[in-house]
Amino acid sequence: MDDLDDRDDRDPRPAPGGRLGAADRRLLTAFHARGTDPRVAAGARALSWSGEHGALWLAAGLAGAAADRERRGAWLRATALTATAHLASMGVKRMVRRPRPSHVQPRVRTAGRHSFPSSHAASATAAAVAYGALGAPVVVPLAAAMCVSRLVVGVHYPTDVAAGAALGAAAALLGARRTGARHG
């Protein structure tokens, strides 16, 4: 999420249109409907809150670095890659400026009003790739749940989440290759 994207009052680009936009809206509506179950809504809100600004993933990486002294450097590089993915998504969000969905009632407050790409999905997927390579497989299903939570709470279109996940995976993979990070 980008606190800064509320500072510019120019007209944002429209929500997706055509067949893709219609599919995006239908899928979001279907996922959002799952949040009528109070347990699902509470879980989705908790994930959304914990993933704000990548906090959950950064804390997990730092905990990994503290617990795994032999691979502390690898954990810190993985944490940096996760932070980089989050920052990259915020930069793209500032350029694209797609407004958040307006056809569903959001179940959480957001730090900004733009939705593409999902920064939660970017940091979650980067963490899944980077920390998963370090032997933390539990991160993968948690990251998937984080991505789905953004639809359940109604603050992103599915294409926002897919783009954020792709950006996060690319940042983690390319960053690890560029830094020569080895996880063993």
Kindly indicate whether the side chain of [X], heavy atoms from C-beta on, has any atom under 4.5 Å from the side chain of [Y].
X: Arg45; Y: Val153; result: yes
X: Arg25; Y: Tyr157; result: yes
X: Val161; Y: Val148; result: no
X: Leu56; Y: Leu142; result: yes
X: His86; Y: Thr82; result: no

Are [Y] and [X] linked, directly or through intermediate hydrophobic residues, by side-chain heavy-atom contacts shorter than 4.5 Å (ILVMFWY only)?
X: Val152; Y: Leu28; answer: yes
X: Leu173; Y: Leu167; answer: no
X: Met146; Y: Val139; answer: yes

[Y] backbone acceptor or donor facing [X] side chain under 3.5 Å:
X: Thr110; Y: Arg113; value: no
X: Ser118; Y: Gly164; value: no
X: Arg107; Y: Gly154; value: no
X: Arg100; Y: Val155; value: yes
X: Asp68; Y: Ala65; value: no
X: Arg98; Y: His114; value: no

How about Trp75 and Tyr131: are their ring centres within less than 6.0 Å of each other?
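Trp75 vs Tyr131: aromatic centres under 6.0 Å.
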Considering residues at least two apart in sequence or located in another chain, which fulfil the side chain to side chain donor-acceptor pair (under 3.5 Å) criterion with Arg39?
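Scan of Arg39 (side chain to side chain donor-acceptor pair (under 3.5 Å), adjacent residues dropped) gives Asp37.
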Test log, rule side-chain contact (heavy atoms from CB on, under 4.5 Å), inputs Leu134 and Arg71:
CA-CA 9 Å; Leu134 289 168; Arg71 297 185 300 167; 3.9 Å; yes
Heavy-atom pair with the smallest gap, counting every atom of [X] and [Y]:
X: Pro158; Y: Leu151; answer: N-CD2, 3.6 Å
X: Ala130; Y: Ala78; answer: CB-CB, 3.6 Å
X: Thr125; Y: Cys147; answer: OG1-SG, 4.1 Å
X: Trp57; Y: Ala127; answer: CE3-CB, 3.6 Å
X: Leu58; Y: Thr79; answer: CD2-O, 3.8 Å
X: Ser89; Y: Pro117; answer: O-CD, 3.7 Å

Distance from His53 atom NE2 to Met90 atom CE, nearest 0.5 Å?
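The CE atom of Met90 is 7.5 Å from NE2 of His53, to the nearest 0.5 Å.
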Answer with yes or no whether the side chains of Ser48 and His120 bring together a donor and an acceptor at under 3.5 Å.
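Not at all, the side chains of His120 and Ser48 share no donor-acceptor pair under 3.5 Å.
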Return yes if a side-chain donor-acceptor contact under 3.5 Å exists between Asp24 and Thr159, otherwise no.
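Note: Asp24 and Thr159 side chains meet the donor-acceptor criterion.
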Pairwise salt bridge (Lys or Arg N to Asp or Glu O under 4.0 Å) hits with a residue in residues 163-176, at least two apart
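Qualifying pairs: none.
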Got a sec: does the CZ of Arg72 have more than 12 other heavy atoms crowding it under 6.0 Å?
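Counting other residues, nucleotides and ligands, CZ of Arg72 exceeds 12 neighbours.
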